[in-house]
4 protein chains.
Amino acid sequence: MTGKTRKTRKPPGSPGTGPDKLTSAASTDGTGATKPEAGPNPVARSESRLTAPPPAGSPERSPENPRSSEAILETAATLFSAQGYRQTDVQQIADRLGIGKGTIYRQFPTKENLFLATVDRIIGQLTRYIDRRAEAKPDPFDRVAEGISAFLAYFDENPGAVELLLLERAEFRHRNTPTYLEYNETNAAPWRRLLLDLMRAGRLREMPPERIIDLLHNALYGTIFINHFAGRRKPLREQAADLIDIVFRGILPRD
Amino acid sequence: MTGKTRKTRKPPGSPGTGPDKLTSAASTDGTGATKPEAGPNPVARSESRLTAPPPAGSPERSPENPRSSEAILETAATLFSAQGYRQTDVQQIADRLGIGKGTIYRQFPTKENLFLATVDRIIGQLTRYIDRRAEAKPDPFDRVAEGISAFLAYFDENPGAVELLLLERAEFRHRNTPTYLEYNETNAAPWRRLLLDLMRAGRLREMPPERIIDLLHNALYGTIFINHFAGRRKPLREQAADLIDIVFRGILPRD
Amino acid sequence: MTGKTRKTRKPPGSPGTGPDKLTSAASTDGTGATKPEAGPNPVARSESRLTAPPPAGSPERSPENPRSSEAILETAATLFSAQGYRQTDVQQIADRLGIGKGTIYRQFPTKENLFLATVDRIIGQLTRYIDRRAEAKPDPFDRVAEGISAFLAYFDENPGAVELLLLERAEFRHRNTPTYLEYNETNAAPWRRLLLDLMRAGRLREMPPERIIDLLHNALYGTIFINHFAGRRKPLREQAADLIDIVFRGILPRD
Amino acid sequence: MTGKTRKTRKPPGSPGTGPDKLTSAASTDGTGATKPEAGPNPVARSESRLTAPPPAGSPERSPENPRSSEAILETAATLFSAQGYRQTDVQQIADRLGIGKGTIYRQFPTKENLFLATVDRIIGQLTRYIDRRAEAKPDPFDRVAEGISAFLAYFDENPGAVELLLLERAEFRHRNTPTYLEYNETNAAPWRRLLLDLMRAGRLREMPPERIIDLLHNALYGTIFINHFAGRRKPLREQAADLIDIVFRGILPRD
DNA sequence: GATGAATGAGCTTTCATTCAT
DNA sequence: GATGAATGAAAGCTCATTCAT
């Protein structure tokens with residue numbers, strides 16, 4: 001560990017983004033700045049992103065730069081999710097990018113590190129995507145519904161992301177809490193507030209908001225896993241609508 | 001001198017069950033023969049199973065026979081779920097059983113094969129456990145609720161089973177449909193019938209029963225995954241109750 | 001370290017030899033059983049050694065068995081001493097023996113381990129060789145002289161042994177005391193006794209015997225190193241004679 | 001972000017010596033100009049050398065110039081002797097000096113080259129140190145004894161030097177004659193002359209002077225190696241005295 | 001049938017050296 | 001000149017699978 005050139009694990013949402021305050025769109029006031037990274041298919045889009053093109057002479061910033069950590073993470077994500085962690089050789093990633101294996105190891109000291117950075121990046125994208133879409137809805141009900149839809153949409157459009165989440169758990173069970181559960185802990189608060197406000201206003205049954213949040217969380221993760229494993233059988237829009245309908249109205253008759 | 005681990009300690013899990021007809025307890029008549037494998041903790045109990053010891057001359061059937069495929073699958077399940085698929089080597093399994101590696105390879109031609117057989121066994125246990133518990137409830141509502149509870153209870157008491165399900169998917173993404181989804185396809189029919197009956201009787205809102213089944217399925221799998229990953233935060237009983245409450249009654253006020 | 005088949009480092013002088021009590025030939029009584037392994041060129045001879053040929057059906061014992069640890073150590077010694085530790089690929093050793101790399105790793109869990117076993121084996125051979133030759137001389141003076149000659153002869157006939165000693169130190173400086181110094185600690189006592197007897201008999205100047213032992217030790221190691229590095233310029237016999245002459249009589253005139 | 005070790009800490013050692021004429025102090029006339037590098041601890045002292053700072057405009061000569069080959073060799077010597085040749089990577093040396101790896105490669109075309117230059121520098125220091133101390137003794141006997149003492153003192157005070165000598169041999173066995181043996185070839189002549197003079201004067205037994213030189217050479221190298229490997233057990237002064245005593249007077253009684 | 005020694009493809013990681021900036 | 005990002009050959013070690021005993 002003496003004089004080696006080593007970079008440590010990149011924080012989530014890495015590329016060139018500034019401080020990555022994983023805010024939530026559920027703030028009760030309905031305000032929120034739209035962040036530029038989001039979009040229906042953030043992962044795919046990130047390929048051609050670029051609000052402002054880098055100054056001509058800056059190869060590091062170029063999205064085509066196959067040596068940027070962005071490019072590496074993207075390719076790594078693709079291969080890991082397509083083939084699994086063990087089945088993916090670091091050499092393959094390098095080959096696909098047309099760069100040397102050493103270049104990857106220069107930025108990510110181990111394969112494990114590379115993989116984990118890949119997952120972190122996904123979580124950052126997911127978070128920002130949900131927040132951006134939910135923030136746009138002023139009405140609290142709409143906001144909850146939009147959050148649900150956005151979550152499903154993200155994974156629908158980034159099928160590899162589901163794989164990555166699974167792989168993280170399967171290969172690195174030792175990591176105390178998988179990355180994507182941290183998201184939940186950090187971001188549940190604004191949603192809880194929002195639900196409490198609705199209850200206070202008599203628009204929802206009185207009950208501990210955790211009960212709702214947990215159910216949604218579980219149902220959403222269950223949905224993406226099942227969707228992914230079995231192949232979705234219903235259009236996404238319909239799935240979101242069904243979930244919202246049952247959760248809001250229940251399955252008992254309204255007398 | 002060899003350094004081999006030669007323990008014969010039996011891990012928890014697995015009865016010496018016979019052929020596994022994956023029936024469902026949701027038959028509308030409410031009848032169902034109780035099968036012997038079930039119980040609050042089917043896996044743990046299986047350790048002391050055995051109403052009648054096998055006929056003396058049948059070494060293959062003996063639970064102590066570490067060369068039986070039952071014993072092999074049991075040990076394999078324990079090690080796979082504790083360490084992961086790649087991290088577990090066949091030698092370890094053999095060592096733990098005190099048998100030769102070749103003996104395992106004679107029964108399971110590849111490691112993959114062994115692993116998959118391990119998962120199949122779990123699914124069989126789960127199915128029989130749910131059926132047995134649900135069948136015991138004559139009232140259709142109770143039966144649905146009991147099915148939910150049984151599902152959660154099974155995984156609560158067999159944490160390794162969740163790992164196994166994950167591992168199957170993470171390591172063998174090529175398998176078209178993971179084992180545990182087949183369960184659903186095969187066994188959904190009786191539940192669908194049961195739900196339709198309830199709707200016809202006006203006890204449930206009219207809606208396509210798939211909508212309910214899918215939500216439950218998703219929520220249940222989501223629940224066990226999240227429980228397992230993050231450590232359960234609520235007692236199982238409460239979790240089941242919350243799920244049943246919201247699904248049945250919804251979160252909107254009843255005015 | 002769980003269920004892997006692993007053998008740990010072999011003690012020095014391993015092959016089929018019984019308990020390896022590294023006795024010294026300097027016992028003042030002049031008695032000593034001749035051990036069978038020794039000879040003018042023990043390493044080379046060991047190739048064709050074999051007091052009693054193994055029973056026909058015992059491939060493990062066969063000296064031609066390229067998979068025996070003896071054969072592996074011998075080939076390893078040859079290559080390590082010819083090329084150095086780092087420059088020698090385990091694959092090379094396997095190739096030279098016509099066996100698989102895994103076979104080597106099965107007996108020696110790491111390359112370092114293999115190397116160290118190689119050195120231990122040399123030290124065992126050296127010790128036994130010196131003892132055997134010295135024991136044969138009844139007169140104490142002759143015994144000292146014979147010990148000196150035997151030491152030089154051993155390394156003269158096993159040039160690789162010198163390399164190995166050096167390599168051990170160069171590559172594994174962390175090993176507290178290199179193997180070949182342990183020899184000295186263990187075996188100095190009988191020599192010390194022998195020198196004291198000579199002094200008491202008035203056949204040597206009175207002085208602490210350590211002074212003589214240390215000088216001899218240093219001069220002998222210096223000699224083999226220099227011989228080896230620079231290519232010997234004098235016949236061995238002459239070198240031993242010179243050393244004995246000067247050490248016994250000094251360089252001052254006897255007036 | 002890079003994790004590079006960028007320390008500029010200077011290791012002990014190395015004057016800014018000029019060209020190294022490897023003269024010998026044993027010239028029979030007893031004359032010899034004292035050279036400035038010498039001293040009881042030449043390496044350590046060199047740290048504070050510098051009576052007069054170099055002319056302002058000479059950055060190459062500046063001892064603080066971490067890019068000078070002197071500084072590079074000094075740091076290289078420290079790291080090589082502390083960690084071994086293979087274990088030391090060029091990046092580490094550059095980091096320690098706070099310079100770029102390319103800068104080292106401009107002065108030393110390969111790592112091997114750098115290492116060998118490091119050893120050559122040590123030999124030059126040793127030679128000059130011995131010569132300087134021996135030259136100061138007018139009496140031939142004293143001069144021999146002083147040469148012995150100086151040799152031991154040098155390595156005693158520069159333990160890294162022993163490592164370096166070993167490493168040279170261990171890693172570069174192909175180099176026909178190791179650097180430090182060349183010293184002997186070049187410098188033996190004056191010592192031989194000195195011994196012959198003593199014999200002619202009847203102050204030493206008549207014998208080929210090589211016999212004495214070789215013994216001393218071997219005993220001295222043996223001594224430093226053993227000292228270094230095992231940890232010296234006697235004070236240096238005593239070791240030198242013992243060696244001189246036995247070599248001069250022998251171990252036989254003086255009748 | 002049971003065993004476990006033997007095999008070698010496969011994969012991670014290191015680091016000397018180059019060369020564009 | 002100085003730099004350090006990039007490269008890729010090289011080597012240690014693992015473990016599924018085979019098969020002679």
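Keep in mind the model is a prediction, meaning the values are calculated, not measured. Chain letters run A, B, ... following the sequence lines, proteins first, then strands; residues in each count from 1.
For A:Ile93 and E:dC11, the CD1 to P distance is 12 Å, given to the nearest whole Å. Here E:dT17 presents its P atom at 16 Å from CD of D:Gln107, a figure rounded to the nearest Å. Between B:Gln91 atom CD and F:dT14 atom C1' there is a gap of 13 Å when expressed in whole angstrom units.
Map A:Asp89 and D:Arg86 each onto its nearest nucleotide of DNA chain E; the residue landing nearer the 5' end is A:Asp89. For C:Val90 and A:Ile104, each mapped to the nucleotide of DNA chain F holding its nearest heavy atom, the one lying further toward the 5' end belongs to A:Ile104. Sequence order on DNA chain E of the closest nucleotides to C:Gly98 and A:Thr88 puts C:Gly98 first from the 5' end. When each of B:Tyr85 and C:Gln92 is assigned the nucleotide of DNA chain F bearing its nearest heavy atom, the one mapping closer to the 5' terminus is C:Gln92.
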Heteroatom pairs (N/O) under 3.5 angstrom, protein to nucleotides 19-21 of chain E:
none

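Under the 3.5 Å distance criterion, the side-chain polar atoms of A:Gln107 are matched with a main-chain donor or acceptor of A:Arg67. Side-chain atoms of B:Thr118 come within 3.5 Å of backbone atoms of B:Leu114 as a donor-acceptor pair (strictly under, hydrogens ignored).
The side chain of B:Arg67 places an N or O atom within less than 4.0 Å of a non-bridging phosphate oxygen (OP1 or OP2) of E:dT3. In this structure, A:Thr103 does not reach the F:dA5 phosphate: none of its side-chain N or O atoms is under 4.0 Å from OP1 or OP2.
Annotation: ring-ring contact (aromatic ring centres under 6.0 Å, His included) contacts of D:Phe108 (sequence neighbours excluded): none. Not a single ring-ring contact (aromatic ring centres under 6.0 Å, His included) links D:Tyr105 to another residue, sequence neighbours left out.
Considering only side-chain atoms of A:Arg106, the nucleotide from F:dT3, F:dA5, F:dT17 that sits closest is F:dA5. Across F:dT7, E:dC11, F:dA5, the shortest atom-to-atom separation from the side chain of A:Lys111 is found for E:dC11.
Interatomic distance, C:Lys101 NZ to C:Ile104 CD1, rounded to the nearest 0.5 Å: 9.5 Å.
C:Glu171 and D:Arg86 are not joined by a salt bridge, as no carboxylate oxygen comes within less than 4.0 angstrom of a charged side-chain nitrogen.
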Review item, side-chain donor-acceptor pairs of residues 77-84 of chain A, under 3.5 Å, at least two apart:
unit_1, atom_1, unit_2, atom_2, d
A:Thr78, OG1, A:Glu74, O, 3.0
A:Ser81, OG, A:Ala77, O, 2.9
A:Ser81, OG, A:Thr78, O, 3.2
A:Gln83, OE1, A:Thr88, OG1, 3.2
A:Gln83, NE2, A:Gln92, OE1, 3.0

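Applying a 4.0 Å cut-off to non-hydrogen atoms, none of the residues of residues 77-84 of chain C approaches DNA chain E.
Residue contacts for D:Lys101: at a heavy-atom cut-off of 4.0 Å it reaches a base atom on one of the strands shown.
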Before giving the answer on side-chain contact (heavy atoms from CB on, under 4.5 Å), spell out for D:Phe115 and D:Leu167 the whole-Å C-alpha distance, their side-chain angles and the decisive distance to 0.1 Å.
CA-CA 9 Å; D:Phe115 175 76; D:Leu167 289 176; 3.6 Å; yes
Where does DNA chain F pair, written as one dot-bracket string 5' to 3', with Watson-Crick or G-U pairs under 3.5 Å, ( ) inside the strand, [ ] for crossing pairs and | for another strand?
.||||||||||||||||||||
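Residues C:Ala170 and D:Ala170 share a closest heavy-atom pair of CB-CB, 3.4 Å. When every heavy atom of D:Ile72 is checked against every heavy atom of D:Pro66, the shortest pair comes out as CG1-O, 4.0 Å.
The aromatic rings of B:Phe172 and B:Tyr85 lie perpendicular to each other, with more than 60° between the two planes, well past the 30° mark.
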